[in-house]
Amino acid sequence: MSKIRVLLVDDEEELVSTLAERLSLRGIEAQWVTNSEEALRMVRERTYDLAILDVRIPKISGLKLKTKMGEIKPGMKFIFLTGHGSEDDFKEGAAEAGAGYYLVKPVNIDALIKKMKEVIESEGGVP
């Protein structure tokens, strides 16, 4: 597999910058932003294998952001991070948005990398 390119979107700057650094140390090209406007700009300007989105981002939810990013780059794949509520709560809201890949914060870096590879290698990924 060639080098994975990922965009991380989370309004918690310390969390997202640390996560990007930890991914970079493992050979993954990770860029990060802390708001949806910047995320949309990055997706227009660059190509990513996938985006890792926080479910709760100010102004626009991660689920809505996924839809907008998918319109810009059809076929883009996504993983969601949630720090609020239970996995079951997230599954309910995410099902309608086609968000089948998610992890609960705090995220384990090895579990995240495993999930990233699963998503990228999956035939269709998250629609």
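Numbering starts at 1 and runs along the sequence shown.
- Between the side chain of Lys77 and the main chain of Val119, a donor-acceptor pair closer than 3.5 Å is present.
- Shown here is Glu21, whose CD atom has no more than 12 heavy atoms of other residues, nucleotides or ligands within 6.0 Å.
- Between the CG atom of Leu81 and the CG atom of Leu112 there is a distance of 6.5 Å, given to the nearest 0.5 Å.
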*Let me see the working for Arg41 and Glu38 under salt bridge (charged side-chain N to carboxylate O under 4.0 Å, His left out), right down to the final yes or no.*
CA-CA 5 Å; Arg41 183 184 67 77; Glu38 194 70 9; 2.3 Å; yes
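- Listed for the Lys3 side chain is no donor-acceptor partner under 3.5 Å among the backbone atoms of Ile28.
- A 4.5 Å side-chain heavy-atom check between Leu53 and Val55 finds every atom pair outside the cut-off.
- A distance-only check finds a donor-acceptor pair linking the side chain of Asn108 to the backbone of Ala111 [under 3.5 Å].
- Here the side chain of Lys73 pairs a donor or acceptor atom with the backbone of Val43 at under 3.5 angstrom.
- Residues Ile57 and Leu65 are in side-chain contact: their nearest non-hydrogen atoms beyond the backbone lie under 4.5 Å apart.
- In this structure, OG1 in Thr34 is found 6.0 Å from CD in Glu13, a value given to the nearest 0.5 Å.
- Side-chain atoms of Tyr48 and Glu29 include no donor-acceptor pair closer than 3.5 Å.
- Counting heavy atoms from C-beta outward, Met76 and Thr47 have side chains that stay 4.5 Å or more apart.
- For the pair Leu19 and Trp32, the minimum side-chain heavy-atom distance is 4.5 Å or more.
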_The test is side-chain contact (heavy atoms from CB on, under 4.5 Å); show your working for Thr82 and Asp54 and say whether it passes._
CA-CA 6 Å; Thr82 182; Asp54 183 17; 5.6 Å; no
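- Between the CD atom of Glu121 and the CD atom of Glu118 there is a distance of 8.5 Å, given to the nearest 0.5 Å.
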*asked:* Using the rule given for side-chain contact (heavy atoms from CB on, under 4.5 Å), can you reason through Gln31 versus Arg5, listing the C-alpha separation, both sets of side-chain angles and the distance that settles it, and then say yes or no?
replied: CA-CA 8 Å; Gln31 296 180 312; Arg5 294 175 316 264; over 6 Å; no
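- Atom CG of residue Leu103 and atom CD1 of residue Ile52 lie 8.0 Å apart, to the nearest 0.5 angstrom.
- For Arg22, the side-chain contact (heavy atoms from CB on, under 4.5 Å) partners at least two apart in sequence or on another chain are Thr18, Arg26, Ile109.
- Neither Met42 nor Leu15 shares a network with the other; the hydrophobic side chains, linked directly or stepwise wherever heavy atoms of I, L, V, M, F, W or Y lie under 4.5 Å apart, form separate groups for each.
- More than 12 heavy atoms of other residues, nucleotides or ligands lie within 6.0 Å of CD in Glu45, so this atom counts as buried by the packing criterion.
- At a threshold of 4.5 Å between non-hydrogen side-chain atoms, the residues Lys105 and Glu12 count as touching.
- For the pair Val6 and Leu23, the minimum side-chain heavy-atom distance is below 4.5 Å.
- Nearest heavy-atom pair, Ser36 versus Pro58, reported as atom, atom and distance to 0.1 Å: OG-O, 4.2 Å.
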*Could you go step by step and tell me if Val9 and Val16 meet the side-chain contact (heavy atoms from CB on, under 4.5 Å) rule?*
CA-CA 7 Å; Val9 185; Val16 75; over 6 Å; no
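- Between Leu63 and Phe80 the shortest side-chain heavy-atom distance falls below 4.5 Å.
- Annotation: side chain of Leu40 is in contact with side chain of Ile72 (closest heavy-atom distance under 4.5 Å).
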